[in-house]
Trainee: 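Sharing a structure with you now.
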Amino acid sequence: MDMRIAIAGGGLGGLTLARVLHRHGIEATVYERETDRTARSQGGMLDLHPESGQRALAEAGLTDRFRSQARPEGEEHRILDPAGRTLVHHEPRPGSFDGRPEIDRTVLRDLLLDALPHDTVTWQRRLTGATPRPDGGWALTFDSGHRAECDILVGADGARSVVRRLLTDTEPSYRSTHADLEISDVRPELAELVGAGNLWCVGVNQVLSAQRLGDGRVRVGISLKGRHRQFDDKRALLDLFDGWSPRVTALIEAGDGPVTTRTVEAMPTGTRWPGRSGVTLIGDAAHLMPPVGEGANQAMLDGAELAAALAANPTDPDAAIRSYEEAMFARIQPIAEMSARVHAMMLSATAAEDLVRFFTPRSAEPALTD
């Protein structure tokens with residue numbers, strides 16, 4: 001393909017797209033706003049689903065590297081009530097990759113970066129605008145004052161995508177509030193409480209969660225229904241959980257880093273746009289969903305499928321993009337609807353009992369007898 005492809009955003013979706021294109025002999029340039037790969041934390045860990053994230057890594061030729069870095073034991077999860085009683089405890093089969101093994105986001109991003117030519121990613125390039133060129137393609141401007149041109153522009157630039165504005169006026173809307181803090185010095189009793197994977201302590205319209213990272217640290221999250229102020233310290237968070245078991249709130253007490261607060265947003269389910277020559281979206285830019293385990297997986301699959309479509313039809317990239325978009329729209333709608341339902345369920349008044357039903361396998365129907 002003798003075309004210049006620009007990918008705005010060096011997250012998991014954009015890097016997967018670049019890697020699969022590279023495997024097909026098609027080079028692209030990734031423009032990333034961060035200064036380098038270590039500029040900020042990439043967040044906690046995620047579970048890679050066989051039908052999406054793991055499939056994308058297989059297309060990228062990185063399955064073996066993924067398995068060498070992933071943590072099947074991270075599939076362990078517990079659900080507690082505010083009194084600290086265990087409602088659900090799942091322990092995976094040791095060493096099994098049959099399910100959804102966990103991997104730290106930073107480790108996964110590094111895995112993808114290391115699989116690309118060193119000059120694929122141009123750092124410190126936050127896209128601020130794109131205008132159509134008279135002869136086709138796009139003229140790109142960046143906040144640094146730099147400029148570039150491309151024939152195909154892919155928006156992998158997240159929730160507040162600049163590229164999305166070229167295709168639709170639809171914007172994400174508010175869903176909930178989330179706060180994060182981290183425990184770097186994990187006491188034995190907290191390590192035992194969290195286990196090797198995820199913990200959710202579920203109350204009425206709020207959840208206190210924790211997850212074990214690969215280096216032993218614990219990432220603590222607080223999810224709240226409705227709009228809340230910025231939380232500047234642990235005391236403000238502890239006030240929200242007054243009356244909860246001290247065994248659980250000890251996770252907040254032990255936080256030894258700053259509290260970060262963010263709003264959780266989502267695009268309307270079923271969001272589409274009319275096709276436009278030389279431009280498309282992947283990941284959160286295309287279908288931002290509540291964070292219930294699908295976002296990164298679907299972004300990576302978007303990248304792999306778009307790369308495959310472009311490689312299969314190199315003489316007509318617009319037709320390839322249309323093919324990718326139609327398949328993506330059909331795939332994402334039920335997943336986005338499910339994600340919205342799960343997110344609402346986790347922050348409902350009956351979240352604990354609903355989650356127990358969600359995670360408890362249904363017993364087999366009794367056999368009919370004469």
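Residue indices begin at 1 and follow the sequence shown.
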Trainee: Run the salt-bridge test on Glu265 and Arg160 with the 4.0 Å N-O cut-off and return the result as yes or no.
Mentor: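 Yes, Glu265 and Arg160 are salt-bridged.
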
Trainee: Treating Thr29 as the side-chain partner and Ala6 as the backbone partner, does any N or O pair qualify as donor plus acceptor under 3.5 Å?
Mentor: no

Trainee: Less than 4.0 Å between a side-chain N and a carboxylate O, is that true for Asp64 and Arg67?
Mentor: no

Trainee: Looking only at the side chains, is there a donor atom on one of Thr120 and His22 sitting less than 3.5 Å from an acceptor on the other?
Mentor: no

Trainee: Are Arg125 and Glu32 within salt-bridge range, i.e. N to O under 4.0 Å?
Mentor: no

Trainee: Between side-chain atoms of residues 317-336 and protein atoms elsewhere (two or more places apart, or another chain), which donor-acceptor pairs fall under 3.5 Å?
Mentor:
residue, atom, partner, partner atom, Å
Asp318, OD1, Gly278, N, 2.9
Asp318, OD2, Ser277, OG, 2.8
Tyr324, OH, Leu281, O, 2.8
Glu325, OE2, Trp273, NE1, 2.9
Glu325, OE2, Thr280, OG1, 2.7
Glu326, OE1, Arg272, NH1, 3.3
Arg331, NH1, Gln298, OE1, 2.6
Arg331, NH1, Asp302, OD1, 3.2
Arg331, NH2, Asp302, OD1, 2.7
Arg331, NH2, Glu305, OE1, 3.2
Gln333, NE2, Glu337, OE2, 3.2

Trainee: In terms of side-chain geometry, is the basic nitrogen of Arg212 or Glu76 positioned less than 4.0 Å from the acidic oxygen of its partner?
Mentor: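 Salt bridge absent between Arg212 and Glu76.
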
Trainee: Would you mind checking if Arg133 and Glu149 are paired as a salt bridge, meaning a charged N to carboxylate O distance below 4.0 Å?
Mentor: yes

Trainee: Got a salt bridge between Glu34 and Arg109, using NZ or NE/NH1/NH2 to carboxylate O under 4.0 Å?
Mentor: yes

Trainee: Between Asp114 and Arg37, does at least one N-O distance fall below 4.0 Å, as a salt bridge requires?
Mentor: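 Judged by the 4.0 Å cut-off on N to carboxylate O distance, Asp114 and Arg37 do form a salt bridge.
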
Trainee: Whether Arg227 engages the ring of Tyr174 as a cation-pi pair (distance to the six-membered ring centre under 6.0 angstrom, angle to the ring normal within 45°) should be assessed.
Mentor: yes

Trainee: For Phe231, run the side chain to side chain contact (heavy atoms under 4.5 Å, CB included) check against Leu240, Leu181, Asp239, Ile222 and tell me which one passes.
Mentor: Leu240

Trainee: Start with the C-alpha distance between Thr38 and Asp36, add both sets of side-chain angles, then the distance that settles side chain to side chain donor-acceptor pair (under 3.5 Å), and finish with yes or no.
Mentor: CA-CA 6 Å; Thr38 65; Asp36 57 49; 2.7 Å; yes

Trainee: Hey, are Glu182 and Arg217 close enough for a salt bridge, meaning a charged N less than 4.0 Å from a carboxylate O?
Mentor: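 A salt bridge is present here (some side-chain N lies under 4.0 Å from a carboxylate O).
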
